[in-house]
Amino acid sequence: MKDFKKSVVYQIYPKSFYDSNGDGIGDLRGVIQKLDYIRELGADYIWMTPFYVSPQKDNGYDVANYYEIDPRYGTMQDFDTLMEEARKRGIRIMMDMVFNHTSDQNEWFQKALAGDEKYKNFYIFRKGKEDGTPPTNWESKFGGSAWEYVENLGEYYLHLFDVSQPDLNWDNEEVRKEVQNVVKFWMKKGVKGFRFDVVNLISKGKFEDDFEGDGRRFYTDGPNIHKYLQELNEATFGTDAEIITVGEMSSTSIENCYRYAGAEEKELSMVFSFHHLKVDFMGNEKWVMVPFDFMKLKNILFDWQTKMAEHDAWNAVFWCNHDQPRVVSRFGNTKQYWKESAKMLGTVIHCLRGTPYIYQGEELGMTNPGFREISQYRDVESLNHFRILQEKGLTEENAYQILGIHSRDNSRTPMQWDHSKNAGFTTGTPWIEVTPNYVDINAAAELEDEDSIFHYYKQLIALRKKYDVIAYGDVEPLAKEHPSVFAYRRSYKGESLVVINNFYGKDTTWKSEIELKGYEIILSNYKQHDIENQEIRMKPYESIVLYRKSAFA
């Protein structure tokens with residue numbers, strides 16, 4: 001049985017991972033062909049974003065059929081082969097479950113649109129206000145109203161995301177039973193992990209106008225959320241101790257996460273929270289250009305680390321996923337210190353308390369693509385906001401700059417396998433353009449280079465398996481007031497780990513507030529170090545991991 005505290009999850013965005021048949025779209029057979037690469041890295045689980053039947057309005061997060069593989073990704077036989085080949089390599093599969101909403105092409109919603117009362121009650125339909133306007137002033141997370149009018153029904157339906165993604169009505173017990181059936185189906189296939197998309201939005205609160213924000217306070221961490229998760233746990237994955245679960249928690253509170261991921265709560269194994277990835281936003285507004293706030297980043301990460309530990313709750317720790325820009329472009333330096341900053345950012349996350357998630361290409365230091373034409377973008381959110389930003393008065397140039405920083409397409413460009421055409425991703429035309437620097441940044445080159453980012457990530461994964469203090473230790477923030485150092489100590493049964501990171505491209509000095517005598521360096525992104533007594537003089541983006549085992553443990 002795998003211990004999720006000692007494990008590392010590798011996230012695959014199948015559409016962009018590896019194309020086995022030359023149609024320009026990654027597929028399940030492509031994943032099968034690259035399993036040895038993931039085994040070489042050392043990951044324990046593969047989480048794949050949805051590959052169910054879907055019209056792909058939101059790249060598969062609009063599910064038309066939860067029980068069938070979309071033909072563009074392959075067949076159920078391909079999936080069964082993937083499961084078997086992964087099992088042979090000691091790798092388990094984590095499925096992505098999208099249960100806040102379906103596609104408008106889903107059979108349930110089509111029946112609802114036809115006026116079938118049973119299926120109308122699967123979704124959230126409401127009459128408009130007396131003047132005919134939507135039931136509330138809530139905004140969709142993709143821009144515009146969260147309500148869409150259906151002429152033949154004379155009612156609006158709720159869609160917190162795209163208009164093609166109607167929200168399910170979890171207050172209807174029949175909906176909850178259908179969701180349980182989906183989970184049970186994939187459990188029977190041997191799936192040992194589930195990631196639940198925006199799951200803390202499934203229980204809606206009051207349907208009333210929000211005069212303070214965009215409506216999220218009325219539908220986030222809703223009144224029955226814990227009840228519904230406990231029910232799902234008890235009926236499905238909770239019956240198999242080997243299954244791990246993670247919930248994506250949109251705009252959540254840490255207090256709710258004590259329960260979502262609490263060891264005794266019987267809800268989920270762990271949670272994704274995103275507060276630390278809003279430090280380059282302006283409030284909750286991401287479509288802006290502001291430098292990231294390092295002190296805020298530190299405070300948020302330390303807050304979640306220490307408080308979740310106090311409540312015996314578990315974090316998923318990560319920088320990147322299919323919805324986030326590439327971290328080395330975001331918080332690192334893609335020019336002079338590309339390799340050093342990518343390794344430093346990896347160190348920060350992998351030595352924290354929590355299960356690390358690596359997003360495909362992160363272990364290579366892949367960067368944002370730097371698109372300069374709207375025709376290069378594919379994401380519905382980006383296309384909507386390119387228009388919205390200009391309607392707000394920004395120039396086209398400014399809109400491109402903001403998309404270049406925040407667009408979800410930044411992480412969705414094809415995996416860079418080698419320096420051949422299209423980065424070795426496809427023999428055809430890729431569904432989205434490849435990042436031009438693939439000639440220099442690619443898996444083939446990094447596998448050959450012992451000093452590569454790939455090999456560094458491999459070491460980080462190996463350290464978690466070797467040292468119990470990384471998996472089980474508590475967290476003590478260090479250098480809390482230092483303007484450029486991110487440091488912390490982990491302690492467990494006589495083992496002690498001190499992790500020191502310079503977050504910036506200039507030299508800095510930190511005088512440690514704890515005794516460093518007796519520690520040895522077990523990992524660093526530089527070969528030479530300048531440590532004298534308690535004073536550490538750090539080079540740009542330098543990362544040092546120190547370890548000590550007490551003789552009295």
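For the numbers below, each heavy atom of this structure counts, side chains included, while hydrogens, waters and symmetry mates do not.
Two residues are said to be in side-chain contact when any heavy atoms from C-beta on lie closer than 4.5 Å; S491 and D474 meet this criterion. Using a 4.5 Å heavy-atom threshold, the side chains of W287 and I405 count as separate. Two residues are said to be in side-chain contact when any heavy atoms from C-beta on lie closer than 4.5 Å; K141 and S250 meet this criterion.
Note that CG of N100 and NE2 of H159 are 12.5 Å apart. Values are rounded to the nearest 0.5 Å. Between E242 atom CD and M187 atom CE the span is 11.0 Å, to the nearest 0.5 Å. Distance check, rounded to the nearest 0.5 Å: CD of E155 to CH2 of W147 gives 10.0 Å. Interatomic distance, T220 OG1 to R216 CZ, rounded to the nearest 0.5 Å: 6.5 Å. One finds the CZ atom of R217 at 13.5 Å from the OG atom of S251 (value rounded to the nearest 0.5 Å). Here L113 contributes atom CG and F125 contributes atom CZ; the two are 5.5 Å apart, rounded to the nearest 0.5 Å.
The ring of Y260 has its center no closer than 6.0 angstrom to the ring center of F196. For H275 and W304, the ring centers are positioned less than 6.0 Å apart. Side-chain rings of F17 and W431 stay apart, their centers remaining 6.0 Å or farther from each other. In summary, the aromatic rings of H350 and Y457 are positioned with their centroids under 6.0 Å apart. Between Y359 and F318, the distance separating the two ring centers is not shorter than 6.0 angstrom. For Y119 and F109, the ring centers are positioned 6.0 Å apart or more. Y123 and W108 have their aromatic ring centers separated by at least 6.0 angstrom. Under the 6.0 Å cut-off for aromatic ring centres, H101 and Y157 do not qualify, their centroids lying 6.0 Å or more apart.
Not one N or O on the side chain of H311 forms a donor-acceptor pair closer than 3.5 Å with the backbone of A313. With hydrogens and angles ignored, the 3.5 Å screen pairs a side-chain donor or acceptor of R490 with a backbone N or O of G473. With hydrogens and angles ignored, the 3.5 Å screen pairs no side-chain donor or acceptor of D214 with any backbone N or O of E139. With N106 contributing its side chain and T102 its backbone, the two residues share no donor-acceptor pair below 3.5 Å. Panel note: side chain D62, backbone Q56; a donor-acceptor pair is recorded below 3.5 Å. In this structure a side-chain-to-backbone donor-acceptor pair under 3.5 Å is present from D78 to T75. Of the possible donor and acceptor atoms, none in the side chain of D197 sits under 3.5 Å from a partner among the backbone N and O of M97. The main-chain N or O of E267 is found under 3.5 Å from a side-chain atom of N233 such that the two form a donor-acceptor pair. At distances below 3.5 Å, at least one donor-acceptor pair connects side-chain atoms of N169 with backbone N or O atoms of N121. Checked by atom type and distance alone, the side chain of D312 never pairs as donor or acceptor with a backbone atom of G262 at under 3.5 Å.
Under a cutoff of 6.0 Å and an axis angle of 45°, K204 and W170 do not form a cation-pi pair. Figure legend: cation-pi geometry between R330 and F292 absent, as NZ or CZ is not positioned both under 6.0 Å from the six-membered ring centre and within 45° of its axis.
When F194, Y66, Y228 are each tested for a ring-ring contact (aromatic ring centres under 6.0 Å, His included) with F99, only one passes: Y66. A ring-ring contact (aromatic ring centres under 6.0 Å, His included) with Y357 is found for one member of W319, F272, Y10 and no other, namely F272.
Annotation for E264: atom CD does not count as buried by contact number, only 12 or fewer foreign heavy atoms lying within 6.0 Å.
Closest approach of Q360 to E363, counting heavy atoms only: C-OE1, 3.9 Å.
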Checklist entry - Do R87 and E84 pass the salt bridge (Lys or Arg N to Asp or Glu O under 4.0 Å) test, and can you show the C-alpha distance, the side-chain angles, and the key distance before you say yes or no? => result CA-CA 5 Å; R87 186 193 61 77; E84 176 60 19; 2.6 Å; yes

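Judged purely by distance below 3.5 Å, without hydrogens or angles, the side chains of D27 and Y18 never pair a donor atom with an acceptor atom.
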